[in-house]
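Right, one structure below, let's go through it.
Quick note on labels: first sequence line is chain A, next is B, and so on, each numbered from 1. All values derive from a computational prediction rather than experimental measurement.
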Amino acid sequence: MYAKKTTIINRTGLHARTANEFVKAAKSFSSEITVKKLDERGETVKSGSAKSVVHVVTMILNKGTPVELTAQGPDEREAVENLVSLIEEGFNDL
Amino acid sequence: MIFQAPPVSPGIALGKAFVFIPFRPVITERFLTKEELPRNLEHYREVLDKAAGELSLIIKGLGESGENEKAAIFEAHLEILNDEELGKDILTLITGQNFAPDYAVETVYEKFIDMVSAADDQYLMERAADFRDVKNRILRLWLGVEHRNLSEIKEPSVVFAHELFPSNTAVMDRTKVLGLVTEVGGLTCHSAIIARSYGIPALLGISNVMDAIRDNDQVILDALEGRLIIGPAKGQIEEYEARRRAFLQEAAETEKFRGVKGVTRDGKTVEVCLNIGSTNDDELEGAAWTDGVGLFRSEFLFMAGQDLPSEERQFRAYKKAAEVFGSRQVILRTLDIGGDKTLPCLELPREDNPFLGVRALRLCFTRQDLFKTQLRAALRASVWGNLAIMLPMVGSLEDLRRAKAIIRECREELDEQGLEYNPDIKVGIMIEIPAIALIADLIVEEVDFASIGTNDLCQYLLAVDRQNPELNEYYQSFHPAMFRLIYVASQAFLKAGKPLSVCGEMGGDPRAAMVFLGLGIRKLSMSASSVAGIKRMVTRLDLKDAEGIANRVLSLATAAEVESYLQEEEKKRRNPEDQGVHS
């Protein structure tokens, strides 16, 4: 298993177009990928599949929300690193 | 019967009503026996396939007609329909807890809709509408109900609905939609945006209109004055038919002027600039036909999130605008917020008179950290184009000097850090407090330029709260005192040879603009929708005449006199050939 924390920085959060782009990227990996929504102390508030747009959207990941991505599978490291950088690049929505 | 509502998309429509009542599923709690399960599961799978088939067809159709933005809505629907987790949840209810498929679909979708709706966020509200759309599609196919679609309008009609969802408007055959009326909605909702982008006249937010309207009722929709007439008299039909033709002809005629240069009949150049409130692509599109940005409102950066925008983020936004306009000037107005507007990222004390309170520059003085972050970002962005800084709510020379001292501090900090900025960056002020207009001759010595914010200038000059609808009759933009005050300011700037512009709403009103040009102002800034109308007036105006018009206005006694005089002068120039002016 591979895990990494980051923070949502783009303006509109992972709600509309951004959620679709994120899920599309997640689906290109074969590992099982989980998104965890964290609170200020780093505790998990909610979690869901990174490959489900419904999960991603309903977790309500606004700008500024800390998240943790975990993956389990053959391309787990690549998947997490890739998705974290996608989030940190801000989806052209800064 | 007459209804009134503020127009959200201008125009006039006459025709028959098409009453759109979308499919509303009624799903009851129902469980399956063991024997019913296989057949129900099979039917459920067929329904999902059919739904996917319908969506693919719509996407294909929209793709072929090049409507990619709308196709994206349905691609998102397909994504939801095929969502693994959501599908799993539904199947678990059916196979594990014996839920009937329609009841399972309803239960699972509603659960997610509730989660999203709770967030009170515009984007998530749209997602809730998407979820509901997909759910209704599945349930409609499950129940085998025919549905009345906006793609099935037979003859051109005015569409009435309680509310329109993206999926409703996307399949709408817009050649058959003369106008739109809804019970729910406002200026910024989905229906309003669609209506404006297609040029469909629309009135939204008329509650209970669905009780009053029947299919095929004759209606007049006046989305200029904000009036809906159901069952008009014959005379009214003729009257509005004429108004509609006149409106369309005028709009088409005006639109032709959008791309022309702002040069008067006697060859003098007038800069026609844009007011922008963000760096979205559709706002920056105006760069193609304007001479710069006369007012770049920076508040959008502060509205978005829970945190104050970082210097880096502001820098990127300012740089983007500066780059798009290249050598043309982009005037960035520093933060203009006050006690009446709350920002999610900034807690402000409540005030009894917010408009006369700790607003704009005054707030920036009490929160210098915030001010300096913005100034540093602006200074750094200034090397990427022709960026200028404009200070709002300057009321005295002390205000100006204090702000300039802070700008100096920021420059020194950047020097120390070895960060680049344009050392010749222009610094100007908004003229919106009457006091500053009266001492324009003193202030002009210490600024590079100024811009008149007519909205606030009017409210402060006439002591009228412009947000109070009760006071509409007192909020007189054409009050003679407005023009006399602007005259005083313009004289000072003319004499000093420094640029003065107008960036309030009056800057985009051709009638007022004639006077400004007559007073020697050569730069007007406005929202994108006013550009064509202003250029139309400019290209047909002689500056000599403008001076005469300005002089005349300075001698008139009431707002009504000024307005009707300017109305007349503007009309004469709108179609000079017809009127025989300047032959």
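- Residue B:Lys50 qualifies as open at atom NZ: its count of foreign heavy atoms under 6.0 Å is 12 or below.
- Counting heavy-atom neighbours within 6.0 Å of A:Lys27 NZ, excluding the residue itself, gives a total above 12.
- With sequence neighbours left out, the ring-ring contact (aromatic ring centres under 6.0 Å, His included) criterion links B:Phe325 to no other residue.
- Of residues 48-57 of chain A, those residues with a non-hydrogen atom less than 4.5 Å from any non-hydrogen atom of chain B are, in numerical order, A:Ser49, A:Ser52, A:Val53, A:Val54, A:His55, A:Val57.
- Residues B:Glu79 and A:Lys24 are not in side-chain contact: their nearest non-hydrogen atoms beyond the backbone lie 4.5 Å or more apart.
- Here the straight-line distance linking atom OG1 of A:Thr58 with atom CG of B:Asp114 works out to 11.5 Å at 0.5 Å rounding.
- Crowding of A:Glu32 atom CD: a count of heavy atoms from other residues, nucleotides or ligands under 6.0 Å not exceeding 12.
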